[in-house]
**Student:** 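Mind looking over this structure? Questions follow.
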Amino acid sequence: MVKAKVYILDKRFDGFPKEEFLAEAVYISVDPYMRIREPNLNLGDTFIGDQVAKVLESKNHKYPVGKYIVGHFGWRTHTVSDGSGSIFGGTFVLPEFGNLPLSYALGILGMPGNTAYFGFLEILKPKVGQTIAITGAAGAVGSIVGQLAKAKGLTVIGVTGSDEKRKWLVDELGFDQVINYKTADLNKVLPEVAPKGIDLYFDNVGGEISNTILKHMNHFGHISVCGAISGYNEKNPKGTKFLNNDDVNIILEELICKSNNVINSIAPIRNVVNNNNNQLPWYDEEIKIKARHRDNLYMMFKNCQNIYEKRQYWNQFKVFRNDVVNTLKIKKRMYYENKIDSNKNNPKAMWKTLKTLIKKKNHNFINNTILFEIDDRIVSFNEDADLAV
Ligand SMILES: NC(=O)C1=CN([C@@H]2O[C@H](COP(=O)(O)OP(=O)(O)OC[C@H]3O[C@@H](n4cnc5c(N)ncnc54)[C@H](OP(=O)(O)O)[C@@H]3O)[C@@H](O)[C@H]2O)C=CC1
Ligand SMILES: CCCCCC(=O)/C=C/[C@@H]1[C@@H](C/C=C\CCCC(=O)O)[C@@H](O)C[C@H]1O
């Protein structure tokens, strides 16, 4: 009996056959982004990742046999590829490394090194003498940023999660200060290690650690938001709060101060004392003292150059500002309650008192009833002398 071999048409011709090569993995990379990509994979898929590989066979002149290449082939020992790219970039042939380890192509000379180099120099635009904080400091990216920052003449403060890494960063990489975020109170230690505040922040971790560091940054500082590894394992990551209300208020006040300075230098204004409040019948000695204290704190906030003290003055100023407003409200209410009470039997006088409380823009007539606001309360008054508060 004769057995025939039949070659079937499996797929349609499409252009020319691909020029492929066979490569064998030498180094495979493990990176934080894999934790984020993983949900996009199906069970059974080859796990993602870059690798350094050696070309074993080739029908592609761009990838000669014996050359070392970097490709996003995933975690596998052997790969047949035509070198075309993925969303992670294309395959490329490595230059001669001499005595350098080929693993550098996945580290300092590869993706993490480039991230550190451009994320630091291009985004932070460092200047000699500045202070930089780096989180994830002992990681592939953070450890390179710290060394670049030292070479650029910066004071470098690292944040890491173990004393062993802390020692390595200080003793071998030359970081000026390293804080162990697992054992130290970052909020307390930062002012001690960065008395002039933080100018630049290279953020690898996000979340609570970043929120704390942001509180200690100087105005007009730069932040390189590189990654947020503290949230990668969380179902509901906390995220970073880049601005809180206090910051917005301080920035606004500074902006007003600065624009006032510019306007004053062009068209100086004459200072006049606004005595309006002082003339209010309920403005007494207690309010006067509180208002003076409030104004002093505001002047101290305005003139203070130290970021930590500035924040403290602003917070104290807010307490006194709110206290003055609340005390004024209470005194005003007491004043009118007394007045209305003492005019109980004198509708004419009472009506006169009420009229002083009615502002044109905040009263309304409905039928014969007038509705108006005193502070936050709606008050109705009927012309037939029906008074309800
Ligand atoms: N934007 C981009 O193109 C790129 C961004 N990245 C991002 O940069 C960051 C660092 O990457 P890479 O250096 O390669 O990573 P590594 O794995 O080398 O280092 C990560 C470091 O993060 C620290 N870490 C882990 N969990 C936490 C946590 N919950 N809180 C605080 N620190 C933590 C660990 O140090 P410790 O023991 O000190 O906690 C570890 O050293 C990642 O967020 C990554 O996603 C990386 C490459 C490119
Ligand atoms: C929100 C993702 C932040 C991750 C930061 C990071 O580590 C980036 C690394 C890139 C990596 C990007 C790959 C995938 C990110 C997941 C986005 C998605 O849509 O699934 C790779 O391209 C090289 C690094 O620059």
Side-chain angles (χ1 to χ4, degrees), residues 27-42 45 47-51 70-75 85-92 103-124 132-149 156-170 172-173 175 177-187 189-190 201-214 222-240:
Y27 291 103
I28 291 177
S29 175
V30 184
D31 298 284
Y33 74 82
M34 294 166 177
R35 187 63 185 81
I36 300 165
R37 290 293 299 180
E38 177 271 321
N40 299 346
L41 298 176
N42 296 313
D45 284 356
F47 199 78
I48 51 169
D50 284 342
Q51 60 172 256
V70 169
H72 192 80
F73 301 149
W75 289 2
S86 66
I87 57 160
F88 297 91
T91 304
F92 58 91
S103 60
Y104 280 13
L106 300 175
I108 190 157
L109 298 177
M111 186 273 278
N114 279 283
T115 304
Y117 187 88
F118 293 105
F120 173 62
L121 293 173
E122 300 279 309
I123 303 213
L124 295 183
I132 184 173
I134 305 165
T135 48
V141 177
S143 59
I144 300 168
V145 175
Q147 292 172 78
L148 291 171
V156 178
I157 293 161
V159 180
T160 190
S162 85
D163 288 339
E164 198 186 346
K165 291 181 183 178
R166 183 174 177 271
K167 193 167 165 12
W168 176 65
L169 291 170
V170 174
E172 292 190 38
L173 302 196
F175 279 52
Q177 302 278 350
V178 177
I179 305 168
N180 181 341
Y181 67 88
K182 288 184 183 158
T183 54
D185 178 350
L186 207 54
N187 199 34
V189 177
L190 277 173
Y201 174 35
F202 197 98
D203 183 7
N204 281 315
V205 304
E208 273 312 308
I209 293 178
S210 289
N211 287 339
T212 306
I213 290 175
L214 292 180
H222 291 187
I223 305 171
S224 191
V225 181
C226 176
I229 199 169
S230 70
Y232 292 176
N233 284 330
E234 305 290 333
K235 278 222 166 70
N236 301 304
K238 281 206 187 105
T240 311

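Count residues from 1 along the sequence. Ligands are counted one by one from 1 in listed order, and the atoms in each one are counted from 1 as well.
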**Student:** Taking only heavy atoms of the protein into account, state which residues are under 4.0 angstrom from an atom of ligand 1, in chain and number order.
**Tutor:** P32, M111, T115, G139, A140, V141, T160, G161, K165, Y181, N204, V205, I209, C226, G227, A228, I229, S230, Y232

**Student:** Around atom CD1 of I28, are there more than 12 heavy atoms of other residues, nucleotides or ligands at under 6.0 Å?
**Tutor:** yes

**Student:** Is it true that, when you exclude E164 itself, more than 12 heavy atoms of the residues, nucleotides or ligands shown sit nearer than 6.0 Å to its CD?
**Tutor:** no

**Student:** Report yes or no: does D31 contribute a side-chain atom to a donor-acceptor pair with the main-chain N or O of Y33 at less than 3.5 Å?
**Tutor:**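 Not at all, since once roles are kept as given, no pair shorter than 3.5 Å links the two residues.
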
**Student:** Side chains of I229 and N204, heavy atoms from C-beta outward: is any pair under 4.5 Å?
**Tutor:**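 They are not in side-chain contact.
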
**Student:** Treating W75 as the side-chain partner and V30 as the backbone partner, does any N or O pair qualify as donor plus acceptor under 3.5 Å?
**Tutor:** no

**Student:** Check for a donor-acceptor pair, side chain of Q51 on one end and backbone N or O of H72 on the other, with a separation under 3.5 Å.
**Tutor:** no

**Student:** Is the closest side-chain donor-acceptor distance between S210 and Y201 under 3.5 Å?
**Tutor:** yes

**Student:** Pick out the protein N or O atoms lying less than 3.5 Å from any N or O of ligand 2, and list each pair with its distance.
**Tutor:**
residue, atom, partner, partner atom, Å
ligand 2, 20 (O), R37, NH1, 2.8

**Student:** With side chains defined as the heavy atoms from C-beta onward, is the minimum distance between F202 and T135 less than 4.5 Å?
**Tutor:** no

**Student:** Using a 4.5 Å cut-off on heavy atoms from C-beta on, say whether the side chain of T240 contacts that of N211.
**Tutor:**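 Side-chain contact under 4.5 Å: yes.
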
